[in-house]
Every structure is written in structure tokens, then in C-alpha cells.
A.B. asks: 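Got a structure for you, written out below as C-alpha cells; questions coming shortly.
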Amino acid sequence: MLQVNFIRNNREKVLAGLNKRNVKEDIFQAIEQILQLDDSRKSLKTELDQVNADRNRLSAEIGTMMKQGQKDAAEDLRKQVAKTKERSAEVETQLSETEEKLTELLYLIPNIPHESVPQGFGADDNEVYRDWPHPLPDLGDKAQPHWELASKYGVFDLELGVKITGAGFPVYRGKGARLERALINFFLDEATAAGYEEIMPPLMVNEDTARGTGQLPDKEAQMYFVERDNLYLIPTAEVPLTNIYRDVIIDLADLPIKMTGHTPCFRREAGSYGAHVRGLNRVHQFDKIEIVQIAHPEKSYEILMEMLEHVAALLGKLGLPYRILRLCGGDMGFTSALTFDFEVYSAAQKRWLEVSSVSNFETYQSNRMKMRFRDGKDIQLAHTLNGSALALARIVASILENNQSPEGVVIPEVLRKYTGFDILA
RNA sequence: GGAGGAAUGGCAGAGCGGUUGAUUGCAGCGGUCUUGAAAACCGCCGUACCGAGAGGUACCGGGGGUUCGAAUCCCUCUUCCUCCGCCA
């Protein structure tokens with residue numbers, strides 16, 4: 001969430017940013033309420049401190065008197081203390097109510113977009129940041145979509161997934177499972193080579209963790225929830241990885257912190273069945289390798305570009321046609337300040353599929369998480385960034401489609417040492 | 001799942017209900033000394049909020065309670081350790 005002081009000191013910037021996101025009028029009203037509530041919070045806090053100071057002083061006096069045996073005088077003071085106690089309880093209630101309301105409203109305010117974020121309402125308004133420089137592959141009309149190729153070569157089985165679990169839970173088999181594992185190993189090796197520490201985090205997280213990265217309270221419906229134990233299945237490794245540094249004051253010398261991890265990702269995607277979600281286009285469980293960085297605020301945009309190039313290099317090595325979009329205000333995630341989406345061209349479906357999202361959250365997550373770094377005497381919030389490098393299901397889909405041939409699906413060169421075979425036939 | 005024990009500052013480890021935000025050691029930072037380093041010695045060394053400042057308030061796992069006053073007493077939750085049971 002945003003810091004109240006930031007809102008106060010950058011009011012115009014905040015309003016302009018919200019405008020860029022095309023938020024509703026009530027969000028603008030919330031900004032005004034936040035500033036008012038913060039004012040009352042301050043004066044309530046001042047009063048409470050004063051009352052408590054009085055009480056502490058009186059109590060200390062009573063202590064001294066008791067030692068000196070002046071019982072009667074002490075009795076008078078006790079009555080005075082009783083009054084201050086009443087008052088402090090009253091103010092304290094008001095204060096905590098005010099703080100609660102304040103936090104509630106702050107949760108409603110999305111991150112302020114970076115200046116480079118284009119104005120816009122939705123996917124059509126995104127800016128093509130880097131287009132595919134070559135002609136798009138044209139496989140002709142006989143090209144098969146990945147779900148047909150998958151059945152043909154036994155790569156994955158969605159029907160079986162329905163039997164075992166339900167719709168959207170693919171079962172990878174044989175060479176398909178091996179291809180999946182090859183991609184995981186390839187992506188992890190690439191990330192490790194780029195200096196990211198490999199981490200295997202828990203796949204279920206508690207409420208504090210889900211709140212830290214912004215999945216709660218606004219994206220509650222997206223996550224699977226294990227009610228009995230109050231745990232959420234992670235929608236991305238971003239959640240457990242970033243939260244490693246929740247409530248931590250990091251040493252300046254340790255920045256940037258670079259972490260990577262492979263995890264299955266679970267997404268409910270409620271109510272999103274239909275023509276565009278066939279095959280692996282949208283599933284409830286998929287594997288993803290995530291890269292996360294915790295950065296100095298002055299370095300974070302430089303680092304964002306570094307992460308963008310890391311993802312671009314992966315797609316380059318796989319030989320997949322892709323483009324990079326700079327998301328517009330209306331299409332960007334709630335917590336992000338700047339997001340680049342990577343889309344791979346799926347030659348048989350003749351559409352672009354999102355395979356990665358690389359974002360800088362600036363201090364939006366770190367403020368919630370109280371993730372800070374120490375620069376000498378100075379302590380300030382760190383910037384958090386993350387990106388998919390990469391999301392597997394759709395990469396598999398596009399490899400199948402783009403690399404199909406009469407002989408079978410040709411495995412990209414870089415994966416062959418991991419798969420142990422060079423064609424899916 | 002059952003029975004006991006524990007939770008204090010980066011770590012270790014004190015703390016009769018009353019000037020204890022908290023003794024001490026280590027680590028860290030600054031300094032003296034040294035050609036440099038080490039050793040020795042001196043000083044500093046938690047976080048947040050309110051306040052122009054002086055200063056104040058809160059926090060000893062989380063939440064609640066007793067009391068004029070709680071790190072210290074009570075309740076509750078969580079986590080860790082030991083033992084038993086179960087188990088990949």
C-alpha cells in the first residue's frame with residue numbers, strides 16, 4: 001500500500017496516477033478521507049501519549065510514596081490515576097478505530113503508475129515496447145493447435161486431469177512430463193547462472209504472507225484456500241519468495257537480493273471457461289519459474305530492465321517469436337508501478353499468449369511487509385520486483401505449435417541436453 | 001494426537017510487581033595506541049509513532065486480563081524443545 005506521507009506530499013502525482021488507471025470516483029474520495037483520518041490519528045496519538053505520560057508520572061509518585069509509607073497521600077493519587085485511565089481507554093479505542101479505518105482505505109488505493117506507463121483502459125491500449133522483428137511464422141491451414149498435438153504425441157492429458165482432480169489440471173505423461181522437467185531445469189539453470197539464489201518455498205502460505213505481496217485482501221477469489229488450516233495455495237512463487245524478507249531490515253551491502261524458484265502455481269480463475277481457454281491456454285495448476293529481486297530504490301528501474309532482458313534471452317534461446325508490451329494504466333496489476341508483459345506467438349492458434357509478466361512494485365509491497373534496508377543511520381523501504389522466467393504451460397503450448405513438422409515436434413536445441421531427445425513423435 | 005518445558009535486543013544470556021527500554025558477554029560502528037594489523041583501552045550501538053524542538057508514548061512471541069504500576073502475576077493463541085503415539 002501507499003504511505004500516507006507519500007500521498008500527502010505528492011497529492012497531485014497520486015491523483016494523476018489514479019487517473020491513469022481510470023479508477024472510480026470513490027477512490028478519489030478515499031484519498032481525501034485518508035488524509036483526514038491521518039490528521040485525526042495524529043491528534044489522537046498526541047493526546048493518548050499525553051494522558052499516558054500523566055499516568056506514568058503519577059504511578060511513579062505512588063511508588064515513591066509507598067516506599068516512604070505515605071499511604072494516605074498515595075490513595076489520593078490513585079483516584080487521579082483512575083480518571084486518566086478512563087480517558088486513555090477512550091482515546092485508545094478511538095485511535096485504533098481510526099487506524100483500522102485508515103488501513104482499510106489504504107488497501108483500496110492501487111499503486112501509482114510509473115511516468116512511462118501509457119494512459120489506457122485495457123489490453124488494446126498497451127504499448128508494444130518491443131515487437132517481433134521478423135515476419136510471424138505462417139504454418140498454413142494444416143497447422144494443429146497444441147491440444148491436438150498433445151493428444152497425438154501423448155504430451156499431456158486433460159481428460160485424465162478431470163478424472164483425477166477437475167477441469168484445468170493437466171496430467172503430463174512420458175516425453176511430455178520429461179519436456180516439462182527439462183524446461184524447469186533449463187530455466188532454473190539460467191536464473192542461477194544470472195546470480196539468482198535457488199529457493200524451494202512452501203506451496204501454501206498464511207494470511208500475513210498473502211497480504212504482504214498484495215494477494216489479500218483484493219485478490220482473495222483468485223486463490224485456493226484450505227479452510228481447515230487457514231492456508232492459501234500460492235498463485236505464484238512471488239508470494240513466498242518476496243515474503244522471506246517481510247519484517248526484515250536488510251543490510252545495504254546485501255542489495256540487490258536475487259531469488260529464483262520453481263513452484264506449481266494454483267489459480268482458481270473462477271468463471272473463465274470458454275473458447276480462449278482450451279488446452280494449456282489457461283489452467284488451474286501450472287509450473288512457473290519466478291525471479292524476484294529486492295532492490296535499492298535508485299536501482300530498481302535499471303534492475304527491471306535487467307530482468308526484462310533475462311526473460312527476453314530465455315525466449316530467444318528457445319527460438320520462440322515474442323513481443324514485449326508495456327502495460328497501460330488500465331491493464332496493469334493493482335500493486336504494480338510498471339509492468340512489461342511478454343507474449344509468445346502461438347502459430348497454430350494465430351494468437352499471442354502471455355508467458356511472462358515483469359514488474360516493479362516500488363515500495364507498494366515493501367510498505368505492507370515492512371521490508372526495509374539500512375543505509376548507515378537511514379532506514380527506508382526497499383523496492384520489490386519480480387518476473388516469470390518463465391510460465392511453463394503456455395511455453396509448452398507454443399513450442400508444440402511453433403515447432404510442429406510432419407516428423408513431429410522439434411525440441412529446441414537448448415533443451416535437448418535436458419530432454420535427452422530432440423523430437424516428439 | 002497426548003504429557004511436560006520454553007519464548008527477552010543481530011546472537012548468547014540476566015532480570016524480588018515500582019526511575020528496567022531492559023544487567024552482562026559476543027558481534028557491529030567510531031576513537032586512542034600502531035608503519036599497518038592484532039591485542040588493550042574509551043565511547044556508541046533496537047524499532048515505530050507523536051512533537052518545530054526539548055521531549056514523550058508504545059513494544060521483552062501474538063491477543064486479552066489483574067494492578068495506582070507488569071518483561072515479571074493470570075487467561076488464551078502461536079511457535080520451538082523433550083517424551084509418547086502415528087507416519088513419507
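Convention: sequence-line order gives letters A, B, ...; per-chain numbering from 1. Please read these numbers as outputs of a predicted model, since none were measured by experiment.
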A.B. asks: Heavy atoms, side chains only, cut-off 4.5 Å: are A:Ser359 and A:Leu385 in contact?
C.D. replies: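 With C-beta onward as the side chain, the pair stays apart.
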A.B. asks: What is the distance from CG of A:Leu95 to C1' of B:U57, rounded to the nearest Å?
C.D. replies: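 Result: 11 Å.
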A.B. asks: Could you spell out the base pairing of RNA chain B as a dot-bracket line? Use Watson-Crick and G-U wobble contacts where both distances are under 3.5 Å, [ ] for crossing pairs, | for partners on a different strand.
C.D. replies: ((((((((.[[[..)..(.....]]].(((((.......))))).(((((....))))).[[[[[..)....]]]]])))))))....
A.B. asks: Rounded to whole angstrom, note down the P distance from B:U67 over to B:A52.
C.D. replies: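 Here B:U67 and B:A52 have their P atoms 37 Å from each other.
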A.B. asks: Would you confirm whether A:Arg178, through its side chain, and A:Thr419, through its main-chain N or O, come within 3.5 Å as a donor-acceptor pair?
C.D. replies: yes
A.B. asks: Go through it in stages, so that I can follow the logic: the residues are A:Asp49 and A:Lys45, the test is salt bridge (charged side-chain N to carboxylate O under 4.0 Å, His left out), and I'd like the CA-CA distance, side-chain angles, deciding distance and then a yes or no.
C.D. replies: CA-CA 6 Å; A:Asp49 284 358; A:Lys45 170 70 173 154; 3.1 Å; yes
A.B. asks: Which is more 5' along RNA chain B, the nucleotide nearest A:Lys85 or the one nearest A:Arg372? Just name the residue.
C.D. replies: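 So the residue in question is A:Arg372.
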A.B. asks: Take the protein atom CD1 of A:Ile250 and the nucleotide atom C1' of B:U47, then report the distance between them rounded to whole Å.
C.D. replies: 16 Å
A.B. asks: Rounded off to whole Å, could you give me the CZ-to-C1' distance for the A:Arg374 and B:G28 pair?
C.D. replies: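 From A:Arg374 CZ to B:G28 C1': 10 Å.
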A.B. asks: Checking side-chain hydrogen bond (donor to acceptor under 3.5 Å, both in side chains) between A:Glu238 and each of A:Thr263, A:Asn386, A:Asn243, which is the one that passes?
C.D. replies: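 Considering A:Thr263, A:Asn386, A:Asn243, a side-chain hydrogen bond (donor to acceptor under 3.5 Å, both in side chains) with A:Glu238 is found only for A:Asn386.
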A.B. asks: For B:U76 and B:C59, measure between their P atoms and round to the nearest Å.
C.D. replies: 22 Å
A.B. asks: Working to the nearest 0.5 Å, report the span between SG of A:Cys265 and CD1 of A:Ile234.
C.D. replies: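 A:Cys265 SG to A:Ile234 CD1: 6.0 Å, rounded to 0.5 Å.
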A.B. asks: To the nearest Å, give me how far apart CG (A:Asp247) and P (B:A48) are.
C.D. replies: 12 Å
A.B. asks: Starting at CE of A:Met371 and ending at P of B:U47, how long is that distance when rounded to a whole Å?
C.D. replies: 18 Å
A.B. asks: Write down the distance between CD (A:Glu86) and P (B:C68), rounded to a whole number of angstrom.
C.D. replies: 13 Å
A.B. asks: Using 30° and 60° as the class limits, which term best fits the ring planes of A:Phe373 and A:His296: parallel, tilted or perpendicular?
C.D. replies: tilted
A.B. asks: Given B:U67, is OP1 or OP2 found less than 4.0 Å from the side-chain N or O atoms of A:Arg78?
C.D. replies: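 False: A:Arg78 side-chain N/O out of range (4.0 Å or more) of B:U67 OP1/OP2.
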A.B. asks: What integer number of Å spans the C1' atoms of B:C33 and B:C42?
C.D. replies: 11 Å
A.B. asks: Say we look at B:G1 and B:C77: how far apart would their P atoms be, to the nearest angstrom?
C.D. replies: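 It comes out at 13 Å once rounded to the nearest Å.
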A.B. asks: Indicate the ring-plane relationship of A:Phe156 and A:His146, choosing parallel, tilted or perpendicular according to the 30° and 60° boundaries.
C.D. replies: tilted
A.B. asks: To the nearest Å, give me how far apart CG (A:Asp251) and C1' (B:A27) are.
C.D. replies: 13 Å
A.B. asks: Check whether the side chains of A:Ser300 and A:Asn360 place a donor and an acceptor atom closer than 3.5 Å, and report yes or no.
C.D. replies: yes
A.B. asks: So, A:Thr260 side chain and A:Glu290 main chain: donor-acceptor pair closer than 3.5 Å or not?
C.D. replies: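 Yes, the answer is positive, given that a donor and an acceptor are paired below the 3.5 Å cut-off.
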A.B. asks: In whole angstrom, give me the gap between the C1' atoms of B:U35 and B:A48.
C.D. replies: 47 Å
A.B. asks: Is there a donor-acceptor pair closer than 3.5 Å between any side-chain N or O of A:Arg416 and the backbone N or O of A:Ile411?
C.D. replies: yes
A.B. asks: Could you tell me how far apart A:Glu92 (CD) and B:C49 (P) are, to the nearest whole angstrom?
C.D. replies: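 One finds 18 Å between P of B:C49 and CD of A:Glu92, rounded.
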A.B. asks: Between B:G53 and B:G65, how far apart are the two P atoms, rounded to whole Å?
C.D. replies: 33 Å
A.B. asks: Within residues 36-61 of chain A, find the residues that approach RNA chain B with a heavy atom at under 4.0 Å, and present them sorted by residue number.
C.D. replies: A:Arg41, A:Lys42, A:Lys45, A:Thr46, A:Asp49, A:Asn52, A:Ala53, A:Arg55, A:Asn56, A:Ser59
A.B. asks: I'd like the P distance from B:G17 over to B:C81, given in whole Å.
C.D. replies: 30 Å
A.B. asks: Could you work out the separation of B:A14 and B:G21 based on their C1' atoms and round it to a whole Å?
C.D. replies: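 So the two C1' atoms sit 15 Å from each other.
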